[in-house]
Amino acid sequence: EPEVTQTPSHQVTQMGQEVILRCVPISNHLYFYWYRQILGQKVEFLVSFYNNEISEKSEIFDDQFSVERPDGSNFTLKIRSTKLEDSAMYFCANGQGNNSPLHFGNGTRLTVT
Amino acid sequence: QKEVEQNSGPLSVPEGAIASLNCTYSDRVSQSFFWYRQYSGKSPELIMSIYSNGDKEDGRFTAQLNKASQYVSLLIRDSQPSDSATYLCAASPYGQNFVFGPGTRLSVLP
């Protein structure tokens, strides 16, 4: 079964630094999502992306966050100036729309020190 | 505000028993419902999707949906220690993002 691939698996960064999390989605799945999960808490929606633009975003997804498809295949999440509370697992997810399920990548564990 | 609620558990069942996991949602426009399994430190893995009222069976798993009561459940028959994980319920209105519940931690005792 095709997989969603995320890199890196673990990223450690200092507060205030920029990080870019990368995702290679399933090729024929056109809906892209970023979710995060703070340790011990629920999976939270950040942003959805379709047709090369953001379709929906949550309150968490403030001006410090941005998403891109820089080369038409990879899908990235950038955090411009990380804060301690950004420490979490970040999951990329991919779907075909029309109520189809989401398929998650293995996640990137972000640790901000 | 869309909300999905689950008992956090832990729910402990003996090996071979039926585990029953429940979920309620607050948003009447949600049309699609999903159960995911999440092992500690891993990503959510899809188990079942259900879209219409009634039961849907897949192997040892049965999902049940009651839209009038805004209730979704997952039954796991013949529970195995490998089923020990956190089970996430998710709801999605048509064309919108998925909202996840906090998850129920299941422990299957050998």
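The shown structure was predicted, so the numbers you read here are calculated from the model rather than taken from an experiment. The basis for the numbers below is simple: all heavy atoms, side chains too, and nothing from hydrogens, waters or symmetry mates. Just so we're on the same page: letters track the sequence lines, and every chain starts at 1.
L88(B) and L21(B) fall into different hydrophobic clusters, defined by Ile, Leu, Val, Met, Phe, Trp and Tyr side-chain heavy atoms under 4.5 Å apart, directly or through other members. In terms of hydrophobic clustering, with Ile, Leu, Val, Met, Phe, Trp and Tyr side chains grouped at heavy-atom distances under 4.5 Å, I76(B) and L109(B) are assigned to different clusters. Residues L21(A) and V112(A) share a single hydrophobic cluster, defined by chaining ILVMFWY side chains whose heavy atoms lie under 4.5 Å apart.
Contact tally against chain B (heavy-atom pairs below 4.5 Å) for S55(A), S100(A), A93(A): the top residue is S100(A).
Among the candidates Y33(A), W34(A), F91(A), the single residue satisfying the ring-ring contact (aromatic ring centres under 6.0 Å, His included) test with F75(A) is W34(A). Each of L46(A), V67(A), V47(A) was evaluated against K57(A); a single residue qualifies, V47(A), per the side chain to side chain contact (heavy atoms under 4.5 Å, CB included) test.
Within residues 33-58 of chain B, the residues approaching chain A closer than 4.5 Å by heavy atoms are, in numerical order, F34(B), Y36(B), Q38(B), G41(B), K42(B), S43(B), P44(B), L46(B), Y51(B).
When heavy atoms are compared at a cutoff of 4.5 Å, Q37(A) approaches chain B solely by way of its side chain, counted from C-beta outward. Proximity to chain B is absent for every atom of Y50(A), based on heavy atoms less than 4.5 angstrom apart.
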TODO: Apply side chain to side chain donor-acceptor pair (under 3.5 Å) to E56(A) and S48(A), showing your working.
DONE: CA-CA 5 Å; E56(A) 190 176 355; S48(A) 58; 4.6 Å; no
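Here the CD atom belonging to E68(A) is positioned 10.5 Å from the CG atom belonging to L77(A), to the nearest 0.5 angstrom.
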